[in-house]
Each structure stands twice: as C-alpha cells, then as structure tokens.
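Structure, as structure tokens:
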Amino acid sequence: RGVAVQTEVEAWTASFEENAVAAIAELGNMVFHASGTSMDVMPSDMDLSADGAEADLHSMAVEAAEQAGTATKAPPLTLRTKQAKRERKAFSEFWRRLVSHNRHSGAAMVELMTNVTYLLNVLSNNVVHPYRHTATVAGMNVGLGVIAAITEANSHFVKAQRQVVAA
C-alpha cells in the first residue's frame, strides 16, 4: 500500500510544480470525497490569494453539503468497516508522505504548506461535520509529517556533530 501512496504523492507533487492551483483543487477534491461527497472543485473555482481562498473554500464546502446532504451523515473515515479503515490509513499516509517527500524543496515547500494550510484550515473550521473531521485528520497527519521531518533532520545534525567531535 505504501508504494501506491508514495507514487500518488510523487504524481501530486509534479502536478503542484506544474500548476499549483489545479493541484490544490485536487487536494480539495480528495478531502471532499473522503468526507463523503462527490463534489469536484475545478481549478477555475480556486482563488489562492489570501483574500479569496477562504471565501471560495467555505462556499464550496457549504455547496457540497447542500448538494449531498452530508450535514447529518457520519464522515466515511469514521466508519468501522475494513474498507473504511484501509481508506483512512491511506488518506493519513498520503498527508504524512506529502510532507516527507517535499521537505527538502525549500521555497516550493513553503508555498505548498501555505496552500495546504489554507485548505485544511477553512475546511476544519467548517460548520459541516464531515469536512471538519476529514480536514482535521489531514491536518494532524501533516503535523505528524512535519514532526517526523524535524526529528530526522535533528538526528542527522546530531550524527554529524558527533562525527566532528570524534575527529
């Protein structure tokens, strides 16, 4: 399963480098679909400027909730079926690997995290429970990915420092 998720992360990263707006719309779709709706966000619907992103994402979330009637349904990621557990694991792994895969990309990582933060912040603060839950799961896994990257960098630093002291 991990290989498939890593392949998806690499493909998404390539699409982000090519067209950030379309790639962020794709992440929005991933969260919407994991929340139980079939709504698709089109790149033309996205405005990633500081002023437009929050309003756009909020209105899309409300529209999707109205279309699908998801306000009263449990988020699919909370279900206890084997299939839901596999999907939850893959969904969570995607976000952790996304951070891990892009941790050395400098300015691209800053742009990526800024846009991902907008997306997840708006959806996790949404009145629609499935969006709040799903975006919170994604956000927690982004945080875990950042912690893992920092821990790895710190381990490399400590190792290098020990080698310098030993020399």
Side-chain angles (χ1 to χ4, degrees), residues 1-50 52-54 56-57 60-61 75-78 82-126 130-163:
R1 188 87 178 141
V3 173
V5 172
Q6 184 62 33
T7 302
E8 295 229 2
V9 166
E10 291 168 3
W12 185 88
T13 300
S15 73
F16 181 79
E17 291 168 355
E18 186 177 311
N19 184 341
V21 174
I24 294 296
E26 188 178 331
L27 285 183
N29 289 333
M30 179 193 300
V31 173
F32 283 137
H33 296 170
S35 298
T37 68
S38 59
M39 180 178 164
D40 284 322
V41 177
M42 304 306 288
S44 60
D45 296 334
M46 298 293 292
D47 174 4
L48 296 182
S49 68
E54 188 167 343
D56 285 352
L57 289 168
M60 284 183 255
L77 296 180
T78 64
K82 287 182 181 181
Q83 178 66 23
K85 289 178 182 179
R86 282 192 299 272
E87 289 175 7
R88 182 172 48 250
K89 183 177 180 182
F91 182 80
S92 297
E93 186 178 348
F94 175 87
W95 293 97
R96 288 191 307 273
R97 285 182 181 249
L98 182 65
V99 173
S100 176
H101 181 74
N102 290 289
R103 70 184 178 276
H104 299 297
S105 62
M109 180 64 166
V110 172
E111 181 183 2
L112 168 65
M113 286 293 106
T114 299
N115 287 307
V116 165
T117 301
Y118 272 129
L119 172 71
L120 297 178
N121 184 41
V122 170
L123 292 175
S124 66
N125 287 314
N126 197 282
Y131 300 143
R132 277 196 327 263
H133 178 271
T134 306
T136 300
V137 168
M140 287 173 48
N141 282 286
V142 166
L144 290 171
V146 169
I147 290 168
I150 291 169
T151 301
E152 181 184 341
N154 187 51
S155 296
H156 290 302
F157 175 75
V158 169
K159 183 179 178 182
Q161 194 174 28
R162 285 182 187 151
Q163 290 173 345

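A quick note: this is a predicted structure, and the numbers were derived from the prediction, not measured.
- Around the CD atom of Glu18, the shell of radius 6.0 Å holds no more than 12 heavy atoms that belong to other residues, nucleotides or ligands.
- Of the N and O atoms on the side chains of Ser100 and Arg103, at least one donor lies less than 3.5 Å from an acceptor on the other residue.
- Residues in residues 104-125 take part in no salt bridge (charged side-chain N to carboxylate O under 4.0 Å, His left out) pair, two or more places apart or across chains.
- Applying the salt bridge (Lys or Arg N to Asp or Glu O under 4.0 Å) test to Glu8 and every residue at least two apart in sequence or in another chain returns nothing.
- In this structure, the separation between CZ on Arg97 and CG on Asn102 is 13.0 Å, given to the nearest 0.5 Å.
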Result block: side-chain N/O donor-acceptor pairs under 3.5 angstrom for residues 138-151, not counting sequence neighbours:
from: Asn141; atom 1: OD1; to: Arg96; atom 2: NH1; distance (Å): 2.4
from: Asn141; atom 1: ND2; to: Ser92; atom 2: OG; distance (Å): 3.2
from: Asn141; atom 1: ND2; to: Val137; atom 2: O; distance (Å): 2.8
from: Thr151; atom 1: OG1; to: Ile147; atom 2: O; distance (Å): 2.8

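- Smallest separation of non-hydrogen atoms from Val9 and His101: CG1-CB, 3.6 Å.
- For the pairing with Leu112, the side chain to side chain contact (heavy atoms under 4.5 Å, CB included) check across Val110, Thr114, Val116 returns one residue only, Val116.
- Atom CE of Met30 is separated from atom OG1 of Thr134 by 11.5 Å, given to the nearest 0.5 angstrom.
- One distance of note links CZ of Phe157 with CD of Glu152; it measures 15.0 Å at 0.5 Å rounding.
- Using a 30° and 60° split on the angle between ring planes, Phe91 and Trp95 fall in the perpendicular class, above 60°.
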Problem set entry | Check against side-chain contact (heavy atoms from CB on, under 4.5 Å), Phe16 and Leu27 | CA-CA 10 Å; Phe16 181 79; Leu27 285 183; over 6 Å; no
